[in-house]
Q: 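First the structure, which I've put down as structure tokens, then a few questions once you've had a look.
Numbers for residues simply follow the sequence, beginning at 1. The structure displayed is predicted, hence computed values, not measured ones.
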Amino acid sequence: MDDRQIDAAELLRRKSRQQYWASSRRTPTPKKYNPSVKKVTDYVVLDFETTGLRPGADQIIQVGAVKYKNHEQMDIMNQLVNPLRSISTRITSLTGITNDMVRNEPKIEFVISQLIKFIGDLPIVAHNASFDMGFLYALEDRVEVPTYTVIDTLKLSRKIINQTPNHKLTTLTHYLQIEHDAHNALGDCLATAKIYQYCFTHSI
């Protein structure tokens, strides 16, 4: 290998390193939430409806949150979000949310800032929490998101309820005979709260 080939190989290695570090700087590491199984009586139940399943690539189109004190409902946040992109017919058929419904709604930065104020220092309860928290922490490049304590009713129900074929939200609400407006963020919050309260009273 002559000197020119050595120089070219070294240049390529340096370029690769530069691209790697530049890429690392552009992609911030998301904060990790703190999973918990601790029994709490004061909490906020959270649910998002989204344009798809990929945090960061897909967008939130509805935020639902319900605040509970001593398991009593105290306050509700229910807000549609303009995702600045088209909502597919598949998502519309699932959630009932159309492009016309979100056209004049606020952008996610404003809504999440309001959500963070709404939650305060309370723990979050969510069903399949990794989904909702993934979308929440994907917004950290635009909004500072606190490190929350999070109780996942999907994992909790697997420990408490053995009689169902799975632990999907719709399966659990059917088993527990809970009224459920499925694939609506607020409806899912209200159902999740009932499931959490059931697990709370039936856990050891």
Q: Would you say that more than 12 heavy atoms from the other residues, nucleotides or ligands in this model lie under 6.0 Å from the CG of N104, or not?
A: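 Counting neighbours around CG of N104, 12 or fewer heavy atoms of other residues, nucleotides or ligands fall under 6.0 Å, so no.
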Q: Take K107 and V81 through the test side chain to side chain contact (heavy atoms under 4.5 Å, CB included) and record every step on the way to the result.
A: CA-CA 6 Å; K107 298 177 185 178; V81 181; 5.8 Å; no
Q: Would a 4.5 Å heavy-atom cut-off, applied to side chains only, mark L156 and F200 as touching?
A: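 The answer is no; the side chains never approach within 4.5 Å.
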Q: If we ignore hydrogens and angles and just use 3.5 Å, is the side chain of H174 paired with the main-chain N or O of T170 as donor and acceptor?
A: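 No, because the side chain of H174 does not come within donor-acceptor range (under 3.5 Å) of the backbone of T170.
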Q: Scan for salt bridge (charged side-chain N to carboxylate O under 4.0 Å, His left out) pairs involving residues 64-93, sequence neighbours excluded, and state none if there are none.
A: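 Pairs touching residues 64-93 that pass the test: none.
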Q: Identify, with sequence neighbours excluded, every residue that meets salt bridge (Lys or Arg N to Asp or Glu O under 4.0 Å) alongside D181.
A: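 Checked D181 against salt bridge (Lys or Arg N to Asp or Glu O under 4.0 Å); zero matches.
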Q: Is it the case that the side chain of D152 and the backbone of A129 share a donor-acceptor pair, with hydrogens and angles ignored and the cut-off at 3.5 Å?
A: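 It does hold such a pair.
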Q: Do the side chain of D132 and the main chain of F48 share a donor and acceptor less than 3.5 angstrom apart?
A: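 Flag set: sc D132 to bb F48 pair under 3.5 Å.
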Q: Mind running side chain to side chain contact (heavy atoms under 4.5 Å, CB included) on K168 and L172 for me, showing each step along the way?
A: CA-CA 6 Å; K168 295 178 181 178; L172 294 173; over 6 Å; no
Q: Under a 3.5 Å distance rule, please check whether Y175 uses its side chain to pair with a backbone N or O of H167 as donor and acceptor.
A: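 Side chain of Y175 to backbone of H167, a donor-acceptor pair under 3.5 Å: no, none is there.
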Q: Write out all pairs satisfying side-chain hydrogen bond (donor to acceptor under 3.5 Å, both in side chains) with one or both partners inside residues 182-197, taking only residues at least two apart or from two chains.
A: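 Residue pairs passing side-chain hydrogen bond (donor to acceptor under 3.5 Å, both in side chains), neighbours aside: Y43-Q197, H180-D188.
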Q: Considering the options T95, N78, D47, which one meets the side chain to side chain contact (heavy atoms under 4.5 Å, CB included) requirement together with Q62?
A: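 The passing option is N78.
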Q: Donor-acceptor check, side chain of N70 to backbone of T41, threshold 3.5 angstrom: yes or no?
A: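 Not a single qualifying donor-acceptor pair exists.
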